[in-house]
Structure formats: structure tokens, C-alpha cells
Amino acid sequence: MKILVLNNGSSSIKYQLYQMDDRVVLAKGVVERVGTDSALLKHQGPSGEAVLVNIEARDHRQGLQAVIEQLTHPVHGAVNSMDEIAAIGHRVVHGGEKFQESTLITDEVIAGIEAVSHLAPLHNPHNLTGIMVCAELMPDKPQAAVFDTVFHQTMPPHAYMYALPYHYYEDHGIRKYGFHGTSHKYVARRAAALMGRPLEETRIITCHLGNGASIAAVKNGQSIDTTMGFTPLEGLMMGTRCGDLDPAIIPFLMKQEGVGPTELDRVMNNQSGLLGVSGISNDLRDIEKAAQEGSPRAQLALDMYVYRIQKYIGAYLMSLGGADAIVFTAGAGENQSSIRKKICAGLAWLNVHIDDEHNQVRGAEHRISTAGSPIEIWVIPTNEELMIAEETMNLVSE
Ligand code: ADP
């Protein structure tokens with residue numbers, strides 16, 4: 001069975017075509033600068049050779065048409081016709097409380113995604129456009145929506161509620177939703193499989209450390225808490241996001257600096273985090289280099305970044321009543337051994353240590369804790385596309 005996975009963003013369309021029998025990627029690519037008349041399609045077909053095509057993609061419709069052209073291209077394509085593809089799985093950022101699981105797309109589901117789109121106004125409308133355009137271009141093709149929030153819908157109320165007047169929850173849906181759910185779910189499952197234990201009997205802390213970063217506490221395969229909240233701004237310090245702060249700082253700054261909510265939102269999302277503190281970069285590699293070269297603010301940013309992660313690991317050890325494994329994934333988690341080492345140094349009091357040699361791994365599934373460590377530490381590359389493809393396959397096979 002072949003499944004196409006689509007991630008429609010505001011100005012990009014990412015795609016991967018899977019052969020599900022052996023979980024092989026037949027083709028993948030991205031359309032960049034959607035919405036302009038000089039869009040670029042980067043495509044990789046079964047030969048592995050990369051193709052760059054200048055296309056006109058003033059909207060997602062034109063962009064998706066170009067993707068279909070490449071997928072069915074006589075030279076670079078992976079299928080003779082789109083009929084060979086059994087279904088399309090879409091990444092949808094926000095499912096609100098409406099969606100407790102991945103679902104096949106119907107008119108009712110489209111209305112449901114629309115109804116929660118105000119919770120993710122920068123993402124959901126584009127995800128939805130992708131779904132509508134596919135329905136128009138391939139009316140008989142089953143489509144599924146796989147939400148970033150769904151995995152965290154198992155959080156208990158005491159974890160997802162904010163201590164605000166209750167009616168804000170009822171009137172506006174103000175609560176913690178959490179994000180990166182597809183990634184946390186994927187690596188938690190892989191961790192259980194790699195440890196040779198039933199997922200239903202494990203306590204796993206998953207650390208997704210990319211440009212956006214979040215940690216989840218996963219008990220018996222279910223998320224019971226996560227660091228991101230009502231939006232992806234809460235929790236860890238990120239590349240450009242501030243993460244946790246005293247909420248009173250916001251009205252204080254609005255008064256002192258005379259800035260409005262939109263501007264402050266932009267500062268907290270795009271100019272804070274590693275970039276804001278260091279004044280150098282949002283990329284951990286640059287920050288580490290600058291810290292080594294003696295920049296005190298880069299060192300401070302690094303120390304804050306690591307400390308926040310340690311604090312949340314500590315909190316989730318309590319939430320889970322201990323842990324069987326801690327997993328590192330995404331850009332920094334998969335590749336930056338120095339960061340993993342700094343974070344795990346905080347676990348020495350539990351007799352948990354990482355093996356320096358094993359910790360050199362980059363981008364591959366590997367246990368990096370020492371033999372006999374009471375908590376296993378793993379590096380597991382995330383694969384959100386494969387998870388979306390699997391969920392879609394399960395839905396169309398039901
Ligand atoms: P995004 O959340 O945008 O997908 P990534 O998952 O690529 O971002 O993560 C970005 C972070 O991961 C950066 O801080 C960067 O330093 C780190 N990173 C990404 N790739 C590598 C790599 N190959 N080696 C070292 N660090 C990396």
C-alpha cells in the first residue's frame with residue numbers, strides 16, 4: 001500500500017510518499033515560497049537523485065499540482081498514476097478537544113478543524129487548504145488528518161488546566177494542549193520496542209529538542225503531561241521562543257515599553273530563547289561555539305537551555321513515579337552529544353550515567369547510557385511522516 005503524507009504550511013508544502021509494505025520512502029520533497037510566482041520544488045524520486053524545479057505556485061492548489069506532476073513524472077516519478085496511492089495523510093497542527101484521535105476526513109471533520117482553527121491561526125488554515133485542494137484534485141482518494149495535539153489528549157485535567165477562572169476554559173478553551181504529539185508518540189513507541197518491553201508497561205520521558213522544543217511524560221504509552229501549553233510558547237527555552245515566564249511580565253512590558261499584544265507575541269516567539277539571550281543565534285551549534293570562544297551571553301543561554309530541560313526531566317520523574325527511559329530526539333537531541341552530556345550530568349545522583357563513546361552517535365537509534373544504568377538513555381531519530389503514514393494506513397484499513 002502506498003500512502004502520501006502532506007504537511008501544508010503557510011509558504012511551503014512538504015511531502016513524502018511511502019511504500020508501507022516495507023516502510024520505504026519512494027519519493028519526497030518540498031515546495032518552497034508557495035504564494036509567490038517564483039516557487040521552488042525540490043523533489044527526490046526513487047533513484048535518490050535530487051531535482052530542482054522552478055514552478056509557479058501562487059497558491060497551494062498550484063503547488064500541489066506540481067507535486068503530483070513530479071510524483072507521476074516519467075523520469076523522476078514514483079508512480080504511473082495517482083490511482084496507485086491508497087490514501088493521503090495530512091499533518092494538522094491543532095485538533096483542540098474535538099479530536100481525540102486521528103481521523104478520516106469527512107465534511108464534518110473539515111468543519112471540526114475549521115472550528116478549532118482560531119487556536120492555531122498560523123497553521124490550521126493552511127493544513128485545511130491542503131485537505132480541500134486534495135479533495136478537489138483527487139475526489140475519490142481517502143484522506144486522513146493526524147493532529148499534533150492528539151497524543152496529549154490523554155493528559156488528566158490536573159495537568160492540562162491553568163489556574164485561571166474556570167470560565168476561561170469553558171468560554172475560550174484555555175487549557176494546555178501540547179504539540180509535537182506525533183513525534184513524542186513515535187519515539188516513545190520505538191523506545192519501548194528497542195528496550196524489548198510492552199509499551200503499556202513503561203514510563204518514558206521524551207525530549208524533542210529541535211528549534212521548537214518540548215518534553216513529554218509518557219506513562220504506559222499515553223501522554224500524561226507535556227511542556228508546551230495552550231500554544232507552543234510554554235515550557236522549555238527554544239531557538240527563538242521564550243518558554244516559561246512569569247505571566248505578569250507581559251502586562252508590565254506592555255506598559256513600560258508601550259507595545260501591543262501582537263508585537264509582544266512576536267518578540268516572545270521570534271526574538272527570544274537562545275537568540276534573545278545570546279544576541280548571536282537561535283542555533284545551538286553557534287551558541288556552543290560562541291560559548292567556547294568566551295561569549296558570556298552565549299554561555300548563559302546554553303546554561304539556561306540545559307537547566308530548563310533538567311528541571312522538567314526532574315518534574316516528570318515525579319509525575320511518572322520514576323522512569324524506564326529518557327529519549328532524545330529532533331535536531332539537537334539526535335545530533336548534539338555535548339548537550340545530551342550536559343543534561344544527563346544532572347542525573348548522576350540517580351546513578352544514571354551516559355557512556356561517552358556511545359554518546360557520540362548522531363542521527364541513529366542508539367542507547368547511550370552505561371550498562372546497568374537504572375534509567376536507559378536513548379537517542380531515537382523522530383519520524384513524524386512515518387507515524388502519519390501508519391495512522392493513515394490503519395484508518396483506511398479498518
Ligand atoms: P526544527 O524544529 O525547525 O525542525 P531541527 O529539528 O532541525 O529544527 O533542530 C534545530 C536545532 O537542532 C538547532 O539548534 C541545531 O543546532 C540542532 N541541529 C540540527 N541538525 C544538527 C546537526 N546535524 N548537528 C548538530 N546539531 C544539529
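Because the structure is a prediction, the values reported are computed rather than measured. Order of appearance sets the numbers: ligands from 1, and atoms from 1 within every ligand.
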Take Lys342 and Glu288 through the side-chain contact (heavy atoms from CB on, under 4.5 Å) test and state the conclusion after the steps. CA-CA 12 Å; Lys342 286 191 178 86; Glu288 279 208 299; 3.3 Å; yes
Give the residue and atom name of whichever protein heavy atom lies nearest to [atom], and the separation in Å to one decimal.
{"atom": "atom 14 (O) of ligand 1", "result": "Leu284 N, 3.1 Å"}
{"atom": "atom 20 (N) of ligand 1", "result": "Asn335 ND2, 3.6 Å"}
{"atom": "atom 15 (C) of ligand 1", "result": "Asp283 OD1, 3.3 Å"}
{"atom": "atom 6 (O) of ligand 1", "result": "Gly331 N, 2.9 Å"}
{"atom": "atom 8 (O) of ligand 1", "result": "Asn211 N, 3.2 Å"}
{"atom": "atom 12 (O) of ligand 1", "result": "Ala332 N, 2.9 Å"}

If we only consider heavy atoms of Gly239, is any one of them less than 4.0 Å away from an atom in ligand 1? no
Please check whether [X] reaches ligand 1 - meaning an N/O of the residue sits under 3.5 Å from an N/O of the ligand, judged on distance alone.
{"X": "Leu209", "value": "no"}
{"X": "Ala330", "value": "no"}
{"X": "Gly210", "value": "no"}

At under 4.0 Å between heavy atoms, which part of Arg362 makes contact with ligand 1: side chain, backbone, both or neither? side chain
How does Gln336 reach ligand 1, if at all, at less than 4.0 Å between non-hydrogen atoms: by side chain, backbone, both, or neither? side chain
Taking the side chain as every heavy atom from C-beta outward, state whether Arg241 and Pro232 have any pair of such atoms under 4.5 Å apart. yes
Test your reading of the model: is there a side-chain donor-acceptor pair from [X] to the backbone of [Y], 3.5 Å cut-off?
{"X": "Ser12", "Y": "Glu32", "answer": "no"}
{"X": "Thr329", "Y": "Thr382", "answer": "yes"}
{"X": "Glu385", "Y": "Val5", "answer": "no"}

How about His123 and His94: are their ring centres within less than 6.0 Å of each other? no
Distance under 6.0 Å and angle within 45° of ring axis: Arg175 vs Tyr177: yes
Are any of the side-chain nitrogens in Arg285 or Asp283 under 4.0 Å away from the carboxylate oxygens of its partner? yes
